[in-house]
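The block underneath contains the structure these notes are about, expressed in structure tokens.
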Amino acid sequence: MADWEVVIGLEVHAELLTKAKVFCGCSTEFGAAPNSQVCPVCLGLPGALPLLNKRAVELAVKAGLALNCRINQFSVFDRKQYFYPDLSKAYQISQNALPLCSDGHVDVVAGDTVRRVGINRVHLEEEAGKSLHAGEDIMSAAYSLLDYNRAGIGLIEIVTEPDIRSPEEARLFLEKLRQLLQYAEVSDCKMEEGSLRCDANISLRPMGSSTFGVKCEIKNLNSFRAVQRALEFEVERQRALLEAGEVVVPETRHWDETQGMTFSMRSKEEAADYRYFPDPNLYPLEVDPSWVEAIRAELPELPDARRDRFMDAYGLSRYAAEVLTSSRDLADYFEECLGEINDPKLVSNWVMGEVQRWLKAHGLEAASSPVSPKDLAGLLRLVQENAVSNIVAKDVLEEMFATGKPADVIVEEKGLRQISDDAALEAMIAEVLEANPGPVADVKDGKTKAIGFLVGQVMKASQGKANPQKVNELIRQKLQV
Ligand code: ADP
Ligand code: ZN
Ligand code: MG
């Protein structure tokens, strides 16, 4: 790749977390019966007039602020014409020349380097409905069904500058964007459920060139992994063309997840095809700067700031702080647990390790963890007091996840309290030493490594309940090393 520079720009749509749609009062609740959440406005019946939802503007402003944008005091809603049945008005209300937010940036950390990706704009628009094709796909379907429940839900479109330089960076940018929008509670950003969607533009140019090459736009990217894979495929496809002296055709391409390839879909629409013009049914949007400042003041602590605070206040490594602030949920969980038991190192190890592993395996967020931060603190207190060993504590946590019982109850019920009593341990040690003359001789010959083996045998004999430090000490005493 040394000869070519990859240039990527993303267009991301995020559904806003409002209760009502953006230009009518219909509910945005997911999963209702088809066409049960519709009205003359979102169906686009003649004569129906849109009325802007203030909460949607507020969330779009929040997004703009979280992405370091300028919030434009004056912006305009335009009609973007297009003709698909999922858009019954035959135009989408969007913003074209004068968007609500402009000129922001997001810093993306890739390894040791921080790369700044410019945000060209964040504008407000509405969702289309959903087509359900009766058959394998749109081409072979005998007919299509239409559900307009989604039509008219508020969306923001975030357009980056062509500042992204690799497929991996594109994925990292998206992860960062999702993190920011989730922290600001603008969108739940579930790519798999379609509340976050991304189209990726990509071109190559000779290294050192100051002009851009011809780009393609890739659609149908349904996961972060798909974004990276599709772009990786496209880098190779475009490079092969350019190196063979051919040209890249500007077009929209479709990512096929199972084949791992992009396919030409259609030639790219030109802006003129959309015939934008200001929607005469809506006033230009004027936002009061003092309202914007009030929204800014309400923004929560954002991920970078929270990460830095975790490093300063709790002495965590950058890596640990990054993992723990990766979602607002997880960061809250960590801090709530810390409120119960003030040991950042211990709590961070458990939250990043066992707790996160379990949550991931069960597809849950920290907020819906069956083990509350308070209950986790209960377990960690037992670890701190040496009442249970680390190994046993892991089993207890498993049991807590499964049954919802608190740690101390499980430990008592199952008799898991750690054995630190010298007499009990000595009896077990005596048996293990007798049964393992070889390793005992090794230890006496100065091969202290064998101590680990003997400790392990005692742990096994005690079903993990022996206090390993204690056992280690007692064995050393006994063998006089
Ligand atoms: P269009 O006129 O095709 O709509 P825009 O200039 O509006 O293109 O940009 C759309 C998206 O494509 C933006 O995210 C932008 O960063 C990206 N983009 C623009 N030019 C290129 C290019 N040459 N290579 C890759 N991405 C690009
Ligand atoms: Zn409606
Ligand atoms: Mg454009």
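Order of listing sets the numbers, starting from 1, for every ligand and every atom in it. Bear in mind that the values here come from a model prediction, so they are computed numbers and not experimental data.
Remark: among candidates Asn201, Leu204, Thr211, the nearest residue to atom 26 (N) of ligand 1 is Asn201, based on non-hydrogen atoms. Among Val248, Thr160, Ile158, the residue whose heavy atom lies closest to atom 13 (C) of ligand 1 is Thr160.
Counted within 6.0 Å of OH on Tyr319, heavy atoms from surrounding residues, nucleotides or ligands total 12 or fewer; the atom is thus considered open. Annotation for Glu365: atom CD does not count as buried by contact number, only 12 or fewer foreign heavy atoms lying within 6.0 Å.
Residue-level proximity to ligand 1 for Val159 is carried by the side chain, the only part with a heavy atom below 4.0 angstrom. By the criterion of a heavy-atom distance under 4.0 Å, the backbone of Leu10, and not its side chain, is placed next to ligand 1. Counting heavy atoms closer than 4.0 Å to ligand 1, residue Glu217 contributes nothing at all.
Seen from the Zn ion (ligand 2), atom SG of Cys24 and atom SG of Cys39 lie 110° apart in angle, a value rounded to 10°.
Geometrically, ligand 1 and Glu11 share no nitrogen or oxygen pair separated by less than 3.5 Å. In terms of polar-atom proximity, defined here as any N/O pair under 3.5 Å, Ile8 makes no such contact with ligand 1. For ligand 1, the polar-atom distance check against Pro162 finds a nitrogen or oxygen pair separated by under 3.5 Å.
For the pair Lys345 and Trp350, the cation-pi criterion (under 6.0 Å, within 45° of the ring axis) is not fulfilled.
Contact atoms of ligand 1 toward Phe212: 23 (N) (distance under 4.0 Å to a heavy atom of the residue). Below 4.0 Å from some heavy atom of Gly9 lie the following atoms of ligand 1, by number and element: 14 (O), 16 (O), 17 (C), 26 (N). If you number the atoms of ligand 1 from 1 as listed, the ones under 4.0 Å from a heavy atom of Glu161 come out as 16 (O). Proximity to Val7 (heavy-atom distance under 4.0 Å) selects the following atoms of ligand 1: 24 (N), 25 (C). Less than 4.0 angstrom separates some heavy atom of Gly213 from each of these atoms of ligand 1: 23 (N).
Partner of Asp107 under the side chain to side chain donor-acceptor pair (under 3.5 Å) criterion, out of Arg116, Lys176, Arg115: Arg116 alone.
The backbone N or O of Arg55 sits less than 3.5 Å from a side-chain atom of Asn53, completing a donor-acceptor pair. Panel note: side chain Gln81, backbone Gln92; no donor-acceptor pair is recorded below 3.5 Å.
Residues Ser327 and Asp329 have side chains that never bring a donor and an acceptor to within less than 3.5 angstrom of each other.
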Worksheet entry | Derivation of the ring-ring contact (aromatic ring centres under 6.0 Å, His included) call for Tyr91 and Phe83 | CA-CA 7 Å; Tyr91 63 84; Phe83 309 103; over 10 Å; no
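The existence of a salt bridge linking Lys215 and Glu234 is excluded, since no basic side-chain nitrogen approaches an acidic carboxylate oxygen closer than 4.0 Å.
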